[in-house]
Amino acid sequence: MPEAASPQPAPGSDALPKTYDPAGTEARWQAAWEQAGAFHPDPAAPGQPFSVVIPPPNVTGSLHMGHAFNTALIDTIVRFQRLQGKNVLCLPGTDHASIAVQTILEKQLKAEGASKDDLGRDAFFERAWAWKAESGGTIVGQLRRLGYSVDWGRERFTLDPGLNKAVVEAFLRLHEQGLIYRGEYLVNWCPASGSAVSDLEVEMKEVEGSLWHLRYPLTPLADHPIDHLVVATTRPETMLGDTAVAVNPADPRYAHLVGRSITLPLMGRQIPIVADEHVDPAFGTGCVKVTPAHDPNDFAIGQRHGLPQITVMAKDGSMNEAAGRFAGLDRFEARKAVVAAMEAEGLLVKTEPHRHSVPYSDRGKVPVEPLLSTQWFVRTEPLAARCRTALDNPAGAEPRFVPERWSKVYRDWLTDIRDWCISRQLWWGHRIPAWFVVSETGGVITEATPYFVGRSEAEAWAKAEAQFGAASLAAGRDLVLEQDPDVLDTWFSSGLWPFSTLGWPDPAAADLATWYPTSVLVTGFDIIFFWVARMTMLAGAFLPEARAPFGDVYIHGLVRDENNRKMSKSAGNGIDPLLLIERYGADALRFALVREVAGAGQDIRLDYDRKTDTSATVEAARNFANKLFNATRFALMNLGGETPASLGEPVLAELESEDRWILSRLVRTSSQCAELCGSYRLGEAAKLLYEFAWNDLCDQYIEWAKPRLFGDDQAARTTARRVLAHSLEALLVMLHPLMPHLSEDLWHAVTGAEASEFLALQRWPQPNQQWLDPSHESAFQFGIDAVRAIRNLRALSGVKPAEKLPIGIHTPTAARRDFVIANQGKISRLVGASELHWEAEPTAGQLLGIVDSDAQVGLSVPQQSLDALRERLQKDLAKVEKEIAGLAGRLANPNFAGKAPPEVVAECQANLAEARAQAELVRGRLLDLG
RNA sequence: GGGCGAUUAGCUCAGAGGUAGAGCACUACCUUGACACGGUAGGAGUCACUGGUUCGAUUCCAGUAUCGCCCA
């Protein structure tokens with residue numbers, strides 16, 4: 001980056017604008033980092049490897065605030081680790097989101113009056129890739145705009161050729177291990193997308209439905225009093241596929257009927273009455289209709305009793321030929337028609353309103369239909385078992401969840417896990433690498449058609465030839481192979497993400513060797529099952545030696561809107577991160593998001609005014625950015641063209657009180673902040689730096705150091721410059737993970753570093769440990785307290801801020817006396833004193849304020865009505881008396897003295913003495929005031 | 001039905017076994033030679049409730065209530 005392009009003039013210049021304008025600065029540094037390849041690591045480089053693969057956003061449009069949040073957290077972590085000197089890889093990418101993208105495209109086609117079948121598979125794919133290019137481009141642009149320090153040179157897409165290779169290999173190996181099978185089962189069928197979906201993609205929704213009580217006539221039997229049973233159902237249309245009625249074997253009302261048969265109304269079919277323990281005698285009439293082909297529970301009953309499965313619905317949700325005269329009707333129309341028909345026959349007993357759960361398709365937003373279908377499945381238990389073992393690793397759970405409580409959620413899901421339906425009747429996705437020998441089954445694919453799994457069609461052919469070639473030849477027919485038309489669940493490819501992106505299955509991949517397993521996965525709790533568990537299961541199948549594909553899993557909450565609702569596209573309550581970035585800057589948005597996340601993975605609520613597109617939270621962060629900008633501007637104006645390096649380190653022997661104080665605070669802050677960032681307590685780290693920067697450096701240090709910075713004493717000025725430059729530089733380094741652009745920019749301005757150098761690649765500050773000095777910190781704290789007491793007194797007595805007047809500080813303690821005398825000029829400036837003097841005891845004729853039991857401050861002002869001061873003192877007295885009561889009460893308790901730690905008792909006694917002394921002072925002052 | 005989380009200042013949220021914190025908002029004053037996106041000084045809370053452990057609980061434990069989420 002050419003120097004001329006920098007917004008910062010050379011150090012020492014005072015030509016900076018008064019406010020920070022993030023837009024240009026952020027774009028410039030993003031470009032500079034990328035052009036320099038700053039985040040493109042070499043696997044052979046020194047430094048402990050640290051790696052993160054980002055959760056790839058779906059290419060379904062653009063990013064929302066949740067992505068910005070996830071990005072802010074990950075980038076803070078990886079930038080921090082980079083500053084620790086690690087060899088950091090942060091790998092970006094996007095997800096093809098098979099079902100979601102196909103839904104979008106089909107909707108577009110429908111709007112154009114076309115369908116995917118008109119287009120054909122190839123043209124549809126072309127269209128899908130075009131969509132991917134557009135949406136993916138938008139997303140990548142947004143990620144760049146946030147300042148994500150990822151390696152764009154390693155960007156991946158879950159449907160790119162490299163990932164396809166990994167997907168095919170994974171499928172093959174799982175198949176070889178017997179962990180993939182194909183079979184006809186009751187699956188969740190989404191009629192909207194025309195595909196099977198997994199259990200996870202089904203969401204239970206409470207709906208107001210009806211419970212229909214239907215009369216099923218018993219097949220007549222001479223001299224038997226009961227001639228019918230009543231069944232209750234929420235789905236009358238499925239009765240067309242009933243193959244039994246079930247009762248509880250212990251139900252005395254019906255026990256004697258078990259084994260008899262019923263004539264199924266409307267269909268005329270004879271179906272048996274079976275006894276099954278899973279029937280709840282208390283629900284409805286205690287009799288349930290059994291439709292094994294359309295209900296999971298009935299399916300299980302059917303299996304136990306060997307009942308036939310009659311599918312009465314087609315895959316588009318309409319009734320099929322097996323539904324007799326209802327064939328062709330949509331399932332919801334059929335429901336009405338069946339009820340009407342039953343009523344017409346006098347078989348509808350009653351209809352009750354009934355609230356119940358209905359499975360909905362996550363994507364299609366329509367009720368899912370349990371349907372018998374031949375699909376591919378992953379046998380999950382062996383994989384899950386390995387994950388549970390890794391979690392129980394005596395040397396430490398793998399992965400380690402942060403916060404820990406999520407590991408229970410993860411474990412529970414991996415216990416009693418169901419097999420994973422991985423085939424989808426879609427086009428956009430990884431085609432299943434299986435070829436059917438359709439010549440064996442008359443040219444069609446059935447459940448019985450033999451198939452071969454291969455890395456390529458040629459490989460499948462070779463296998464097919466070997467097994468069926470001779471027989472085919474003998475039978476005089478050609479071998480015909482046809483690839484399975486279906487694609488894999490998106491999560492199958494996402495599940496390989498932490499290693500497929502690093503080069504797996506190539507055993508020699510350097511990235512894999514260096515950066516696998518990855519260091520930490522950062523994601524929301526909502527995809528622990530979808531993604532985290534799938535990755536650990538699949539990694540266990542292929543790279544079991546690592547136990548888990550990531551050491552830590554840092555689970556964060558969701559971003560909620562100003563009304564505490566989860567932000568979502570469908571609810572229309574999303575907030576576009578770009579709007580806030582444009583208004584406040586990416587650094588401000590990032591800082592605001594991270595600062596909100598101090599707690600243990602709680603959701604964060606981002607305040608937002610939709611009328612004005614403003615956010616007080618982000619605005620506060622923007623103000624902080626501006627404060628830093630101005631602090632740096634001040635430094636540049638007062639460092640005399642020098643840099644931290646040219647000035648050299650502060651020299652201990654030359655330091656004044658505020659120097660000792662800020663450097664001690666710096667030592668403390670740098671180690672605390674590193675500790676917090678290293679343990680994912682990023683919000684606390686953000687707050688710590690905010691306080692150090694604003695309260696300590698700006699409000700105190702700079703104000704106390706101004707006389708030296710403005711003065712003529714060269715030696716004193718150099719010392720102050722050294723401390724200021726040093727503290728500021730360290731602060732900028734520490735802030736870099738949180739506010740990368742601003743800190744990079746200001747760091748260049750302060751250090752005068754070459755454009756080819758980057759703060760992003762510097763080292764975390766290592767301030768001299770000798771500067772840590774608690775006694776100086778408390779000594780200086782007295783100065784802060786005294787200044788505040790004087791200012792308070794001025795405000796209460798109504799002295800004009802600009803009015804200078806004689807001021808005294810009264811303390812008998814030698815160290816404090818020395819402090820006051822040594823800092824006379826500085827304190828005078830801070831409190832507006834025309835003359836500042838020290839006396840052990842206050843002399844008469846002053847207006848006095850109390851710092852603590854050992855110090856008072858006095859203003860030489862004419863006596864006046866001082867209700868405000870009196871009020872204040874009375875309040876102080878009340879407070880201190882309350883404290884005395886509490887402390888005295890505690891000390892009077894013999895158990896306290898006996899059982900509490902001695903240092904606590906001593907502290908308590910000291911506090912009591914202090915409080916009593918203060919109370920005395922306050923009472924004295926009140927008496928003086930009359 | 002099972003599990004998890006939350007309940008702290010007007011709002012949004014930190015916090016920690018030993019006298020309650022921040023940001024925003026609020027009040028008063030101040031355009032002081034970095035910053036009004038600023039400064040100074042203030043006001044403001046029975047830490048949801050009830051028990052228990054403890055010398056001491058807002059903090060740990062149990063239960064209750066309310067809200068939210070996940071699983072069935």
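Below, read A as the first sequence line, B as the second, and so on, with proteins coming before strands; counting in each chain starts at 1. This is a predicted model, so every value here is computed, not measured.
With C37(B), G18(B), A14(B) as the candidates, the nucleotide lying closest to the side chain of N626(A) is C37(B). You'll find that the side chain of R405(A) is closest to G5(B), out of C55(B), A34(B), G5(B). Considering only the side chain of P801(A), C29(B) comes nearest among G23(B), C35(B), C29(B). Considering only the side chain of A616(A), C24(B) comes nearest among G18(B), C70(B), C24(B). Distance from the side chain of R418(A) is smallest for A72(B) among the nucleotides A34(B), A72(B), C55(B). With distances taken from any side-chain atom of N911(A) to the nucleotides U19(B), C55(B), C71(B), the minimum falls on U19(B). Listed nucleotides: C37(B), A14(B), A34(B). Nearest to the side chain of N623(A): C37(B).
For the OP1/OP2 pair of A44(B) and a distance below 4.0 Å, the side-chain nitrogens and oxygens of K875(A) include at least one atom meeting the criterion. At A34(B), one or more side-chain N or O atoms of K706(A) fall inside 4.0 Å of OP1 or OP2 (strictly under the cut-off). Look at R605(A) and you won't find any side-chain N or O under 4.0 angstrom from OP1 or OP2 of C24(B). Contact between the side-chain N/O atoms of R794(A) and the OP1/OP2 oxygens of A41(B) is not found at any separation under 4.0 Å. Between K627(A) and G39(B) there is a side-chain N or O to OP1 or OP2 distance below 4.0 Å. OP1 or OP2 of G39(B) sits under 4.0 Å from a side-chain N or O of W694(A).
Checking G51(B) for Watson-Crick or G-U wobble geometry (two distances, each under 3.5 Å) identifies C61(B) as its partner. As the counterpart of G17(B), no nucleotide is assigned, since no Watson-Crick or G-U wobble pattern has both distances under 3.5 Å. Applying the Watson-Crick and G-U wobble criteria (two distances, each under 3.5 Å), U40(B) pairs with A28(B). Base pairing of G23(B): its partner is C11(B), meeting the Watson-Crick or G-U wobble criterion (both donor-acceptor distances under 3.5 Å). Across the strands present, G1(B) finds its partner in C71(B); the criterion is a Watson-Crick or G-U wobble pair with both atom distances under 3.5 angstrom.
Within 3.5 Å, no donor on the side chain of E684(A) pairs with an acceptor on the base of A22(B), nor the reverse.
Of the two residues contacting RNA chain B, namely A635(A) and R872(A), the nearest-nucleotide position lying further toward the 5' end is that of A635(A). When each of I784(A) and R890(A) is assigned the nucleotide of RNA chain B with its nearest heavy atom, R890(A) is the one assigned upstream, toward the 5' end.
Between H741(A) and A586(A) the shortest heavy-atom distance is CE1-CB, 4.1 Å.
Atom CG in L606(A) sits about 13 Å away from atom P in U12(B), given to the nearest Å. Between the P atom of G15(B) and the CD atom of Q672(A) lies a distance of 14 Å, rounded to the nearest Å.
Residues of residues 785-793 of chain A having a heavy atom closer than 4.0 Å to RNA chain B, listed by number: R788(A), R791(A), N792(A).
With centroids closer than 5.5 Å and planes inclined by less than 30 degrees as the test, F896(A) and the base of G56(B) fail to qualify as a stacked pair.
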